[in-house]
Number of protein chains: 2
Amino acid sequence: MKITTIEWKNNKIRLIDQTKLPHKLEYLDIDKLEDLWQAIKLLKVRGAPALGAAAALGVYLGIKDLKTKDPAVFNKELDRVSHYIAGSRPTARNLFWGIEKICSVARKNKGKDLAALKKLLYEEACRIIENDKSSCRKIGEYGSRLIKDNDTVLTICNAGILATIDYGTALGVLYRAKEEGKKIKVFSCETRPLLQGARLTAWELNQKGVDVTVICDNMAATLMRQGKINKVIAGADRIAANGDTANKIGTYNLAVLSSYHKIPFYIAAPVSTFDLRAQSGKDIPIEERDPREVSELLFKRVIAPKGVKIFNPAFDVTPRNLISAIITDKGVIRPPYNLNIKRIVRL
Amino acid sequence: MKITTIEWKNNKIRLIDQTKLPHKLEYLDIDKLEDLWQAIKLLKVRGAPALGAAAALGVYLGIKDLKTKDPAVFNKELDRVSHYIAGSRPTARNLFWGIEKICSVARKNKGKDLAALKKLLYEEACRIIENDKSSCRKIGEYGSRLIKDNDTVLTICNAGILATIDYGTALGVLYRAKEEGKKIKVFSCETRPLLQGARLTAWELNQKGVDVTVICDNMAATLMRQGKINKVIAGADRIAANGDTANKIGTYNLAVLSSYHKIPFYIAAPVSTFDLRAQSGKDIPIEERDPREVSELLFKRVIAPKGVKIFNPAFDVTPRNLISAIITDKGVIRPPYNLNIKRIVRL
């Protein structure tokens with residue numbers, strides 16, 4: 001089955017409603033900017049690269065029906081739309097990158113008439129989508145060289161098809177390894193609070209015929225101690241210039257455990273995830289989300305007593321010293337990260 | 001509010017149905033051995049020390065109405081009842097210890113008439129309950145010396161009132177520290193899959209006016225890195241002669257994280273939790289439980305796709321090198337554990 005996470009179809013944004021998985025594969029057709037904002041906020045679409053595409057398509061959606069012929073009015077509206085989308089979630093670098101890509105095309109072509117400009121913005125959004133597809137395949141190609149036959153790989157959250165357009169970053173590495181005939185097994189951390197590992201990663205690996213076992217997040221250490229994990233591979237929401245990497249809460253936990261058990265720990269992400277203006281992890285804003293994500297199981301069943309405090313950061317930062325390598329679409333980056341990230345990202 | 005986890009009342013075993021918390025404080029009155037077995041299996045009563053009491057009361061419940069006057073028939077039935085209860089769950093040492101305590105009284109008094117013997121067994125079960133109360137208070141007394149004013153303590157699962165008769169082991173240390181006027185804050189790992197940390201620990205700390213915040217298990221590393229945790233304290237289900245400690249899955253994870261972040265990691269347990277016949281953690285059987293505990297949120301809502309494999313060990317083993325000290329009712333044990341455990345347990 002061909003799975004496409006997000007695309008432009010019938011003059012609308014079509015995306016998989018990921019809050020419905022694994023129960024239903026349901027598509028949303030979005031033609032209102034407010035609905036896209038909600039879809040991002042509520043994680044109907046999520047995953048850094050997919051958010052890059054969503055943001056770019058969103059900017060186009062927001063301006064495509066503008067009736068004005070006045071460039072000043074157009075630009076003001078483009079600004080408003082961009083700021084609005086940028087306010088949906090704070091951590092994933094690609095969201096802002098997607099917006100910037102579109103806005104930069106508008107800036108470069110500010111002399112053009114607005115119909116022609118709209119067309120250029122549409123084409124840029126499509127290019128972002130096509131580039132994501134080929135980026136993920138390059139990440140897969142570079143990354144699968146690190147995967148050996150019979151490896152058992154641990155992953156967290158979802159850095160797969162559902163976090164990109166159609167192939168994945170961390171999981172793209174595993175899909176490629178499988179395509180090359182390597183036998184692999186995957187353990188997927190369920191990834192509390194919203195269980196993207198149990199719901200999304202297990203679902204898509206299962207769809208693609210990859211051997212997957214779900215564990216609770218607190219079981220990873222035991223598997224490592226038992227010698228059952230050869231590699232750990234995770235995606236990224238934002239990577240600082242020095243290599244510090246923000247990703248789903250729990251990633252840092254796995255990095256410490258990997259270091260203790262001497263297991264390679266890899267990050268897989270396209271270069272659009274790097275934020276060279278962030279010098280280190282301290283410069284990355286971490287989203288803190290609704291406590292009810294923790295205290296109510298998928299908002300359906302209360303588990304914590306009323307009045308008890310909840311701490312619910314959506315991401316953590318893994319310091320570069322715990323990262324064995326960063327697999328990108330432009331090659332594998334190894335320490336010293338300060339030097340090598342700049343060298344590769346500016347290629 | 002006075003909370004009593006388990007007691008003998010009106011010729012029945014009365015216990016709190018912990019699967020109903022934090023929604024309802026509901027008591028079960030058990031007068032059939034099969035119902036007790038189910039209550040243990042389904043974690044209506046849980047926690048190593050409470051299981052010691054449940055097992056002892058259970059043996060008495062199982063033989064108290066025997067009509068025979070033939071000691072051979074009585075002893076055969078005592079054996080059957082003991083084996084039956086012992087088959088409910090494999091890991092917690094105290095369950096077997098509770099059964100052994102009762103059976104040893106029966107062995108020592110095998111000449112007595114059966115009515116008198118039943119009375120002795122009843123008294124032994126009551127003594128186990130009274131001893132648990134005083135043991136927990138001694139653990140609290142010894143342990144609270146390790147807790148400083150303004151400490152923030154991380155704990156996992158429930159090693160509190162609900163895991164004992166009425167005071168707790170790990171949480172007993174915190175209750176005592178509070179009674180001594182120390183200001184403390186507690187972070188409680190929710191403890192997937194069955195969420196004893198979110199449901200039980202948060203509930204009882206809240207009842208007792210202790211400042212508590214619930215986190216998902218995968219957030220502990222981030223708190224530690226932020227310098228927010230001063231101490232980690234957990235209970236134990238079985239402690240081997242060398243100090244290796246089996247406790248709720250996720251405990252080993254916290255021990256590795258504590259070591260990495262140079263935070264003291266303590267185990268709190270009565271001496272009845274030590275199993276000197278287990279030379280190391282390798283000799284401790286680890287219960288693997290129903291996969292649906294993971295794949296279905298509290299058996300109510302499916303989260304993992306059908307057909308996906310699940311790994312669901314209920315416990316893990318923390319090797320002694322990661323344990324700063326073991327707080328017992330006979331004092332605080334520090335390394336070298338091989339020597340010091342034997343010295344204290346045999347007191």
Side-chain angles (χ1 to χ4, degrees), chain A residues 21-23 156 187-193 195 198-199 202-203 205-207 211-225 248-257 259-261 286 291 294-295 297-298 300-313 316-317 319, chain B residues 21-23 156 187-193 195 198-199 202-203 205-207 211-225 248-257 259-261 286 291 294-295 297-298 300-313 316-317 319:
Chain A
L21 285 171
H23 302 283
I156 180 170
F187 279 93
S188 174
C189 289
E190 63 172 3
T191 317
R192 279 283 286 152
L195 301 160
R199 295 191 301 107
W203 179 79
L205 289 175
N206 211 28
Q207 293 284 328
D211 183 313
V212 58
T213 304
V214 175
I215 57 167
C216 295
D217 302 308
N218 58 16
M219 296 169 186
T222 287
L223 284 177
M224 290 185 184
R225 187 164 176 86
K248 178 56 56 200
I249 188 76
T251 305
Y252 169 57
N253 185 8
L254 294 185
V256 172
L257 294 177
S259 164
Y260 183 81
H261 296 93
I286 297 297
V294 176
S295 63
L297 293 174
L298 301 183
K300 301 281 178 184
R301 186 177 166 76
V302 176
I303 50 162
K306 263 192 189 170
V308 159
K309 288 181 284 186
I310 307 282
F311 177 55
N312 185 22
D316 58 26
V317 173
Chain B
L21 286 171
H23 302 283
I156 180 169
F187 280 93
S188 175
C189 288
E190 63 174 4
T191 318
R192 280 282 287 151
L195 301 160
R199 295 190 303 106
W203 179 79
L205 289 175
N206 211 28
Q207 293 284 329
D211 183 313
V212 59
T213 304
V214 174
I215 58 168
C216 295
D217 302 308
N218 58 15
M219 296 170 186
T222 287
L223 284 177
M224 289 184 184
R225 186 165 176 87
K248 178 57 54 199
I249 188 76
T251 305
Y252 169 58
N253 185 8
L254 294 185
V256 172
L257 294 176
S259 165
Y260 183 81
H261 296 91
I286 298 297
V294 176
S295 63
L297 293 174
L298 300 183
K300 301 279 178 185
R301 186 176 166 77
V302 176
I303 51 164
K306 264 191 190 170
V308 160
K309 287 181 284 185
I310 308 281
F311 176 55
N312 184 22
D316 59 24
V317 172

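Computed from a prediction, not measured in an experiment: that's the story for all the values here.
Chain A forms more heavy-atom pairs under 4.5 Å with one residue of B/Pro291, B/Ala220, B/Ala221 than with any other, namely B/Ala221. Listed options A/Thr251, A/Ile215, A/Val256, A/Asp316 were ranked by heavy-atom pairs under 4.5 angstrom with chain B; first place goes to A/Val256. Per-residue heavy-atom pair counts under 4.5 Å with chain A were compared for B/Ala255, B/Ala202, B/Cys189, and the maximum is reached by B/Ala202. Between chain A and the options B/Thr213, B/Leu195, B/Asp217, B/Thr191, the largest number of non-hydrogen pairs under 4.5 Å is found for B/Thr213. Counting heavy-atom pairs closer than 4.5 Å to chain B, the top-ranked of the candidates A/Asp211, A/Ile286, A/Ile156, A/Leu205 is A/Asp211. Considering only heavy-atom pairs separated by less than 4.5 Å from chain B, the leading option among A/Leu223, A/Leu297, A/Leu298 is A/Leu297. Contact count versus chain A (heavy atoms, under 4.5 Å) is highest, among B/Ile310, B/Ile249, B/Val212, for B/Ile249.
With a 4.5 angstrom heavy-atom cutoff, B/Leu21 does not touch chain A via any of its atoms. Contacts of B/Arg301 with chain A are made by side-chain atoms alone, with heavy-atom separations under 4.5 Å and no backbone atom involved. Heavy-atom distances place the side chain of B/Tyr260, and not its backbone, under 4.5 Å from chain A. Of the two parts of B/Asn206, only the side chain, counted from C-beta on, holds a non-hydrogen atom closer than 4.5 Å to a non-hydrogen atom of chain A. Looking at B/Lys306, only its backbone comes within 4.5 Å of chain A, counting heavy atoms on both sides.
Closest non-hydrogen pair, A/Phe311 versus B/Met219, comes out as O-SD, 3.3 Å. Between A/Val214 and B/Val294, the shortest heavy-atom distance links the atoms CG1-CG1, 4.3 Å. Residue A/Pro305 comes nearest to B/Ala198 through the heavy atom pair CD-O, 3.1 Å, listed as atom of the first residue, atom of the second, then distance. Summarising the geometry of B/Val302 relative to A/His23, their closest heavy-atom pair is O-NE2, 2.8 Å, with the distance given to 0.1 Å.
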Next on the checklist: Using the rule given for side chain to side chain contact (heavy atoms under 4.5 Å, CB included), can you reason through A/Arg192 versus B/Arg192, listing the C-alpha separation, both sets of side-chain angles and the distance that settles it, and then say yes or no?
Outcome noted: CA-CA 9 Å; A/Arg192 279 283 286 152; B/Arg192 280 282 287 151; 4.1 Å; yes

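Side-chain contact between A/Pro193 and B/Glu190: absent, with no pair of heavy atoms (C-beta onward) separated by less than 4.5 Å.
From B/Lys309, atom NZ reaches atom OG of A/Ser188 across 12.5 Å, with rounding to the nearest 0.5 Å.
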